[in-house]
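The first residue of the sequence shown is numbered 1, and numbering continues consecutively from there.
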Amino acid sequence: MTSRRNFLGGMGAITAAVSAATVSRVAMAALPEPAIQTTPDTMPPLLPKSGRPYNPVVTLNGWTLPWRMNNGVKEFHLVAEPVVREMAPGFKAHLWGYNGQSPGPTIEVVEGDRVRIFVTNKLPEHTSVHWHGQRLPNGMDGVGGLTQKAINPGKTFAYEFIARRPGTFMYHPHADEMTQMAMGMMGFWITHPKARHPLIAEVDRDFVFLLNAYDIDPGAYTPKIMTMTDFNLWSWNSRIFPGIDSLNVRKNDKVRIRIGNLTMTNHPIHLHGHEFLVTGTDGGPTPKSARWPEVTTDVAVGQMRQFEFLADEEGDWAFHCHKSHHTMNAMGHDVPTLIGVDHRGIARQITNLIPEYMVMSERGMADMAEMEMPLPDNTVPMMTGQGPFGSVEMGGMFSVVKVRKQQKPGDYKDPGWFKHPAGTVAFEVTGGIAEPARFKSEGGQSMPLLKQPRKDVEVQIRKPSGPMQH
Ligand SMILES: [Cu+2]
């Protein structure tokens, strides 16, 4: 965790790029230039320049997609493409995503907005985009083959609908889903209410991120897409601790965090030091009668949860998935590395048997090789992160909520480590320590065993050794 993140670059880090090769010039002239993001840092909220004002969200290690107004329609341009995502400093993955990153940019609109989203496909295979949770015409739902023709490589499709329901949504492909989601294709969608809403609170800070998982052998760059459960990288917005930015808030801020799960397992998300209320799901705001205090909420597969709390305790509060294997990174550095291996000849032979194979291993890989990216060591420790008191020994789905009196409204910069008031840190006790009192009758006095074992049985916990699967 370093404080090297800054927001000075802001949206200046986004550059416009025109994908001239994929659509005709006439068609391109009608499209908004796609904004491309080049950094994995948390970008400042994108304040709306027109329309109803709202407090925009902050995407953890992500950004919000700019739009243009065209005759009363909000127009966005998503480009589905291979990307290089820095998952943690020194560790880059070859993923698929949108507009330069995985996940794609957050789309933020207001209830009642008419939206048009252009989707240009620069992947080596067809795709589609499903707008998870939205009310929309059936033909805009984005299920390839069922509600639309798939978007072939090089083609651009437009989706158009009215954002009818305020709330927390996500988007992802509904075409070769297993591959495309395993490769990192997904994004967040927020629809703000058009007026004060009885069940949607106004908050000071509103953070969003997606839970995703990858299976990338140490030293390799590309996820194994066939993996069903044995993922080795558990990420938030395709970042792993210590690569996940902290969530920096001002003391007494009302904070909302929205989370969507596009992994293959559930994640009990746990916040230290505060209680929160789950105020909504992808189905909408939760009725007030159904809210109760929690410190952990389970986000099941394909679900979204939004929760809110008053950040009234100063400090550096751990915030993580409570499955301990999900706060670890890949282990085992004895796996053969395949960097520089040319699969293309083999791929062609396999393609004769399995046509889909070509997509991943020939065209997919070859494109990536041609990018001529620098080659980092590309490993990341299993448990790491240097805190103010030593190693945090975490990985994966772990971050810190930093609550500070001095944090200015609207300032999302990392304030550094918490300075604990004197006498408020756990301390070592030295000198004579009294013998702790022991309970005398331990050992199940109420239900004696039928047969007493001849001698006491001791159970030993065996610690895992060698390369771990988790
Ligand atoms: Cu988890």
So how far is it from [X] [atom1] to [Y] [atom2], rounded to the nearest 0.5 Å?
| X | Y | atom1 | atom2 | answer |
| --- | --- | --- | --- | --- |
| Asp414 | Gln407 | CG | CD | 8.0 Å |
| Thr286 | Leu199 | OG1 | CG | 8.5 Å |
| Gln134 | Phe169 | CD | CZ | 4.5 Å |
| Leu210 | His172 | CG | NE2 | 10.0 Å |
| Met394 | Ser324 | CE | OG | 8.0 Å |
| Thr59 | Gln37 | OG1 | CD | 10.5 Å |

Pairing donors with acceptors under 3.5 angstrom, does anything connect the side chains of [X] and [Y]?
| X | Y | value |
| --- | --- | --- |
| Thr179 | Asp176 | yes |
| Ser399 | His320 | no |
| Glu111 | Thr191 | no |
| Thr64 | Thr106 | no |
| Ser238 | Ser102 | yes |
| Thr265 | Lys323 | yes |
| Asn121 | Thr127 | no |

Partner set under ring pair (Phe, Tyr, Trp, His ring centres under 6.0 Å) for Tyr214, not counting sequence neighbours:
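Not a single residue meets the ring pair (Phe, Tyr, Trp, His ring centres under 6.0 Å) criterion with Tyr214.
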
Set of residues satisfying ring pair (Phe, Tyr, Trp, His ring centres under 6.0 Å) with respect to Phe157, sequence neighbours excluded
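Testing Phe157 for ring pair (Phe, Tyr, Trp, His ring centres under 6.0 Å), a comparison that skips the adjacent residues, returns none.
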
Using the ring of each side chain (for Trp, its six-membered ring), is Tyr221 parallel, tilted or perpendicular to His94, with breaks at 30° and 60°?
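Rings of Tyr221 and His94: tilted, 30 to 60°.
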
Quick one: sort the His326 and His267 rings into parallel, tilted or perpendicular, breaks at 30° and 60°.
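If you compare the ring of His326 with that of His267, the planes turn out tilted.
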
Distance under 6.0 Å and angle within 45° of ring axis: Lys122 vs Trp96:
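No; the conditions do not both hold, so Lys122 does not lie above the ring face of Trp96.
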
Cationic tip of Arg205 within the cone over Tyr412's six-membered ring, i.e. under 6.0 Å and within 45° of the normal?
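Positive - Arg205 is close enough to the ring of Tyr412 and near enough to its axis.
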
Asp282: partners by salt bridge (charged side-chain N to carboxylate O under 4.0 Å, His left out), with sequence neighbours left out:
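Partners of Asp282 under the salt bridge (charged side-chain N to carboxylate O under 4.0 Å, His left out) test: none.
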
Of all the heavy-atom pairs spanning [X] and [Y], show the shortest one and how long it is.
| X | Y | answer |
| --- | --- | --- |
| Ala80 | Met185 | CB-CE, 3.6 Å |
| Arg291 | Thr279 | NH2-O, 3.4 Å |
| Gly387 | Val392 | N-CG2, 3.7 Å |

Note: [X]-[Y] ion pair, threshold 4.0 Å (strictly below):
| X | Y | answer |
| --- | --- | --- |
| Glu313 | Lys251 | no |
| Arg239 | Asp41 | no |
| Arg114 | Glu160 | yes |
| Arg68 | Glu75 | yes |

Residue list, side-chain hydrogen bond (donor to acceptor under 3.5 Å, both in side chains) with Arg256, at least two apart or on another chain:
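Here the qualifying residues are Asp206, Glu308.
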
Please report the C-alpha distance between Phe418 and His420 in whole Å, then the side-chain angles of each, then the deciding distance to 0.1 Å, and finally whether the ring pair (Phe, Tyr, Trp, His ring centres under 6.0 Å) criterion is met.
CA-CA 6 Å; Phe418 183 56; His420 300 264; 4.8 Å; yes

Is there a side chain to side chain donor-acceptor pair (under 3.5 Å) between His77 and Glu33 once you walk through the steps?
CA-CA 7 Å; His77 193 171; Glu33 281 197 355; over 6 Å; no

May I have the step-by-step check of salt bridge (Lys or Arg N to Asp or Glu O under 4.0 Å) for Asp316 and Arg404, ending in yes or no?
CA-CA 9 Å; Asp316 292 336; Arg404 296 290 188 279; 2.6 Å; yes

Assess the residue pair Glu202 and Asn55 against the criterion (side chain to side chain contact (heavy atoms under 4.5 Å, CB included)); give the C-alpha distance rounded to whole Å, side-chain angles, the decisive distance to 0.1 Å, and a yes or no.
CA-CA 8 Å; Glu202 313 250 321; Asn55 190 23; over 6 Å; no

Applying ring-ring contact (aromatic ring centres under 6.0 Å, His included) between Trp131 and each of Tyr159, Phe76, Phe188, report the one that passes.
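Exactly one option meets the ring-ring contact (aromatic ring centres under 6.0 Å, His included) with Trp131, and it is Tyr159.
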
Identify which one of Phe276, Phe241, Trp236 satisfies the ring-ring contact (aromatic ring centres under 6.0 Å, His included) criterion when paired with Phe319.
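Exactly one candidate clears the test, Trp236.
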
Applying side-chain hydrogen bond (donor to acceptor under 3.5 Å, both in side chains), which residue pairs with at least one partner in residues 135-146 are found, sequence neighbours left out?
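Applying side-chain hydrogen bond (donor to acceptor under 3.5 Å, both in side chains) to every pair that reaches into residues 135-146, excluding sequence neighbours, yields His130-Asp141.
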
Considering only residues two or more places apart or on different chains, which pairs with a residue in residues 293-304 satisfy side-chain hydrogen bond (donor to acceptor under 3.5 Å, both in side chains)?
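For residues 293-304: Asn266-Asp298, His270-Thr296, Trp292-Glu294, Gln303-Arg305.
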
Of Ile257, Val208, Asn237, Ile259, the residue whose pairing with Leu60 passes side-chain contact (heavy atoms from CB on, under 4.5 Å):
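Of Ile257, Val208, Asn237, Ile259, side-chain contact (heavy atoms from CB on, under 4.5 Å) with Leu60 is met by Asn237 alone.
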
Below 4.5 Å, heavy atoms only, C-beta onward: do Cys321 and Pro268 meet side chain to side chain?
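In short, these two side chains touch, coming nearer than 4.5 Å.
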
